[in-house]
2 protein chains.
Amino acid sequence: MPETGHPSPSYTISQLAAEFDVSARTIRFYEEKGLLAPRRTRGNQRLYGRRDRTRLRLILRGKRFGYRLEEIAEMIGLDEVDPDEAAQIRKSLAFGERKLGEIHERMRELKLMEEDLRSVAAKLRRRLAQLEGGAPEDA
Amino acid sequence: MPETGHPSPSYTISQLAAEFDVSARTIRFYEEKGLLAPRRTRGNQRLYGRRDRTRLRLILRGKRFGYRLEEIAEMIGLDEVDPDEAAQIRKSLAFGERKLGEIHERMRELKLMEEDLRSVAAKLRRRLAQLEGGAPEDA
DNA sequence: CCCATAATTGACGTTAACGTAAACGTTAAA
DNA sequence: TTTAACGTTTACGTTAACGTCAATTATGGG
């Protein structure tokens with residue numbers, strides 16, 4: 001069995017909290033909801049490894065797209081699946097397909113939002129030019 | 001003064017609700033929060049026009065990206081701005097720039113999520129092939 | 001060993017975004 | 001004109017996602 005040589009870095013809760021700019025409470029809350037499962041020190045303090053950190057990143061990323069924690073849990077495959085059950089795997093694959101569809105839809109929508117913002121900005125700039133040109137403040 | 005010829009279509013609350021698959025309560029709620037301002041019939045019932053409908057679409061789009069209603073209000077420029085105040089317009093423009101930045105960041109993240117989903121799916125498919133090939137059920 | 005930080009659990013509080021129910025007015029079709 | 005379906009306001013309820021104590025324990029440097 002090959003040794004990796006990398007003992008997997010570990011983080012305290014406040015280190016992770018600082019890195020991702022969330023509160024420690026938030027991170028504990030995600031654990032309550034079954035989204036994280038860090039190891040503990042003998043003193044019972046949470047110890048987060050590389051996987052936990054990655055997972056937290058995914059959670060926060062999902063949140064930024066308006067997914068609820070419950071959905072996020074599904075997306076990272078935490079409902080997991082007796083590995084014996086091929087049917088379950090097929091179900092997960094179907095789920096993934098749907099999510100991919102949603103993602104593409106989101107991409108389209110982002111482009112629309114971008115256009116919207118640009119046109120609003122253009123309108124504002126015209127208004128601004130008008131104000132500055134037409135009525136030059138009191139300079 | 002030119003007539004458009006298009007009298008602007010109008011919708012009842014339940015028509016909009018059905019079209020966008022939200023409840024009427026939700027639409028009224030958006031109005032409470034100052035995000036919509038439909039006209040009324042003489043009977044005091046809400047009557048939504050083209051603009052209202054567009055705005056609702058924008059609101060729901062924003063929501064799908066995890067923006068709160070308050071932020072959405074800003075984004076569609078509802079904090080508006082004494083049209084006399086060039087400074088306010090500049091502020092709005094700066095706000096728009098930030099939002100555009102966020103949108104680009106979101107696009108990057110969407111691509112990352114897509115990759116994540118694809119790699120999870122690939123893993124599942126390998127597992128599935130293994131299950132089906134290695135232990136062919138009981139067929 | 002001591003003390004300042006940092007962490008833990010538990011409990012209750014808060015906020016956004018609606019849901020739900022009641023009591024009543026409006027509309028449109030028969 | 002009646003009446004079923006639709007809409008209105010008011011008010012209270014609910015849920016997700018944390019915030020905020022408080023009381024207790026762990027950790028690490030001097």
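Just so it is clear: chains get the letters A, B, ... in the order the sequence lines come, proteins before strands, and each one is counted from 1.
- Distances shorter than 4.0 Å separate none of the side-chain N or O atoms of R40(B) from OP1 or OP2 on dG25(C).
- E114(B) and R118(B) are joined by a salt bridge, as a carboxylate oxygen and a charged side-chain nitrogen come within less than 4.0 angstrom of each other.
- Taking atom OH on Y11(A) and atom P on dA6(C), their separation rounds to 19 Å, with Å as the unit.
- Rounded to a whole Å, the CZ atom of F20(A) is 15 Å from the P atom of dC18(D).
- Residues satisfying the salt bridge (charged side-chain N to carboxylate O under 4.0 Å, His left out) criterion with R39(A), sequence neighbours excluded, are absent altogether.
- Atom CD1 in I13(B) sits roughly 15 Å away from atom C1' in dG25(C) (whole-Å rounding).
- Residue L16(B) contributes atom CG, which lies 14 Å from atom C1' of dG7(D) at whole-angstrom precision.
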Problem set entry | Contact state string [nucleotides 12-17 of chain D, B base, S sugar-phosphate only, - no protein heavy atom under 4.0 Å] | -----B

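- A distance of 9.0 Å separates OH in Y48(B) from OG1 in T12(B), rounded to the nearest 0.5 Å.
- Between T12(B) and dC6(D), a side-chain N or O to OP1/OP2 separation shorter than 4.0 Å is absent.
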Scan the side chains in residues 57-66 of chain A for donor-acceptor partners under 3.5 Å anywhere in the protein, sequence neighbours excluded, and list what turns up.
| residue | atom | partner | partner atom | Å |
| --- | --- | --- | --- | --- |
| R61(A) | NH1 | D116(B) | OD2 | 3.3 |
| R64(A) | NH1 | E109(B) | OE1 | 3.0 |
| R64(A) | NH1 | E109(B) | OE2 | 2.1 |

Would you tabulate the side-chain donor-acceptor contacts of residues 16-30 of chain B under 3.5 Å, counting partners in other chains and residues two or more places apart, or write 'none'?
| residue | atom | partner | partner atom | Å |
| --- | --- | --- | --- | --- |
| E19(B) | OE1 | R53(B) | NE | 3.2 |
| E19(B) | OE2 | R53(B) | NE | 3.1 |
| E19(B) | OE2 | R53(B) | NH2 | 2.9 |
| S23(B) | OG | R25(B) | N | 3.4 |
| S23(B) | OG | T26(B) | N | 3.0 |
| S23(B) | OG | T26(B) | OG1 | 2.9 |
| R25(B) | NH1 | E32(B) | OE2 | 3.4 |

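- A salt bridge (charged side-chain N to carboxylate O under 4.0 Å, His left out) check over residues 42-51 of chain A, counting only residues at least two apart or in different chains, returns the pairs E31(A)-R46(A).
- Put simply, CD on E32(A) is 11 Å from P on dA11(C), counting in whole angstrom units.
- Residue R108(A) places its CZ atom among 12 or fewer non-hydrogen atoms of other residues, nucleotides or ligands, all under 6.0 Å distant.
- Nucleic acid contact class of R28(B) (heavy atoms, under 4.0 Å, all strands): base.
- For the residue pair E74(A) / Y67(A), no side-chain donor-acceptor distance below 3.5 Å is found, with atom types taken as modelled.
- Checking the phosphate oxygens (OP1, OP2) of dG19(D), a side-chain nitrogen or oxygen of S23(A) falls inside 4.0 Å.
- With respect to the salt-bridge test (charged N to carboxylate O, under 4.0 angstrom), the residues E71(A) and R68(A) qualify.
- Atoms CZ (R39(B)) and P (dT8(D)) sit 14 Å apart, rounded to a whole Å.
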Exercise. Which letter, B, S or -, goes with each nucleotide of nucleotides 23-30 of chain D from 5' to 3', with contact meaning a protein heavy atom under 4.0 Å?
Worked result: ---SS---

